2 protein chains.
Amino acid sequence: MDYDRFKYCGLNVALNVLSGKWKPVILFHLFHEEEVRFTELWRNIPKVAKKVLLEQLKQMEEDGVVIRKEKNTFPPEVYYRISEKGKALGPALAALESWAREHAAEDVAAMRAAKRVTP
Amino acid sequence: MDYDRFKYCGLNVALNVLSGKWKPVILFHLFHEEEVRFTELWRNIPKVAKKVLLEQLKQMEEDGVVIRKEKNTFPPEVYYRISEKGKALGPALAALESWAREHAAEDVAAMRAAKRVTP
DNA sequence: CAGTATCCCGCGTGATACTG
DNA sequence: CAGTATCACGCGGGATACTG
């Protein structure tokens with residue numbers, strides 16, 4: 001394994017994109033559903049405040065991992081889907097998950113400070 | 001790519017282990033140096049408060065990614081090194097970095113809110 | 001030298017109500 | 001329905017001094 005390619009600044013960029021309490025769940029849904037209306041997404045992530053969900057989606061849009069599509073109707077319809085840049089995160093996310101499965105399975109139930117929601 | 005293996009709870013576990021302003025840098029050093037004395041590590045990460053560095057190291061130790069070895073001397077000598085569990089993070093970290101290189105290179109210099117240090 | 005004790009501050013998150 | 005406006009709070013992180 002060549003750890004010479006381990007430049008932590010790029011790592012920080014990536015982690016920054018992922019840092020946000022609900023971003024992993026959002027990615028989970030967008031990876032699986034291809035195009036989700038806002039309310040539907042909101043209903044599927046029950047405990048998040050609407051404001052916060054909007055914030056995180058906006059950040060992800062700015063980061064280019066999520067695409068927002070708005071129909072000019074009334075009432076408004078807004079759909080979110082993952083971008084190519086977002087899809088490209090797939091392998092990295094899968095790697096993180098498999099690490100968790102193989103090396104931190106015990107911790108899934110008892111995450112430090114129980115800060116994150118783990119259904 | 002099988003996104004059925006995309007279980008975001010494991011993802012959250014992994015991200016939780018990585019969440020901490022200085023953990024990426026710490027990992028960077030431990031990946032490259034095999035055994036570092038505390039002060040040496042501290043000198044190599046200039047802008048961090050000693051307290052905070054100790055906190056993050058302690059968390060990483062609790063998470064099992066870092067091993068603390070203490071010599072019973074005076075003055076005390078404490079060495080930190082990466083564990084097997086920590087080493088196993090390598091591929092995932094490399095994946096995140098390569099994603100950043102390929103899809104977010106522009107952002108490296110202009111990270112949102114400039115919250116993170118990127119030398 | 002490694003670690004602890006205080007005190008402090010800002011930001012991410014949350015609850016709630018309002019608007020177009 | 002999607003989005004904004006307030007207000008509030010806890011916690012991660014920082015500065016500084018002290019201890020064994």
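For clarity, every value in this text was computed on a predicted model and none was experimentally measured.
Separating the CD atom of B/E55 from the P atom of D/dA15 is a distance of 13 Å, rounded to the nearest angstrom. Remark: P of C/dA15 and NZ of A/K50 are 14 Å apart, rounded to the nearest angstrom. Atom-to-atom, CG of A/L57 to P of C/dT13 comes out at 13 Å; the value is rounded to the nearest Å. In this structure, A/Q59 atom CD and C/dC11 atom P are separated by 13 Å, rounded to whole Å. Rounded to whole Å, atom P of C/dG20 lies 10 Å from atom CZ of A/F74. Summarising the geometry, the separation between NZ on B/K51 and C1' on D/dC18 is reported as 14 Å, rounded to the nearest angstrom. Distance, B/L54 CG to D/dG12 P: 16 Å, rounded to whole Å. The CH2 atom of B/W22 sits 17 Å away from the P atom of D/dG12 (whole-angstrom rounding).
Nearest heavy-atom pair across A/A92 and B/L96 is CB-CD2, 3.7 Å.
Salt bridge annotation for B/E35-B/K69: present, with a cationic side-chain nitrogen under 4.0 angstrom from a carboxylate oxygen. Salt-bridge check for B/K87 with B/E84: passed, with a basic side-chain N closer than 4.0 Å to an acidic carboxylate O.
In summary, the side chains of A/K23 and A/Q59 do present a donor paired with an acceptor at a separation below 3.5 Å, with no hydrogens or angles considered.
Pair assignment for D/dG20: C/dC1, on the basis of Watson-Crick or G-U wobble contacts that are both within less than 3.5 Å. Pairing of D/dG14, defined by two Watson-Crick or G-U wobble distances under 3.5 Å, is identified with C/dC7.
The shortest distance between the side-chain N/O atoms of B/K71 and the OP1/OP2 oxygens of C/dC1 is not below 4.0 Å. Put simply, B/Q56 has no side-chain N or O that comes within less than 4.0 Å of OP1 or OP2 on D/dG12.
Looking at heavy-atom distances under 4.0 Å, B/Y80 makes contact with sugar-phosphate atoms alone, never a base.
The side chain of B/P76 lies closest to C/dC1 when the candidates are D/dG14, C/dC1, C/dT13. When distances run from any side-chain atom of A/R37 to the nucleotides C/dA15, C/dC1, D/dC1, the shortest one goes to D/dC1.
Across the interface with DNA chain C, nearest-nucleotide mapping of A/P75 and B/P75 shows B/P75 to be the residue nearer the 5′ end.
With values rounded to the nearest 0.5 angstrom, A/E55 atom CD is found 13.0 Å from A/W22 atom CH2.
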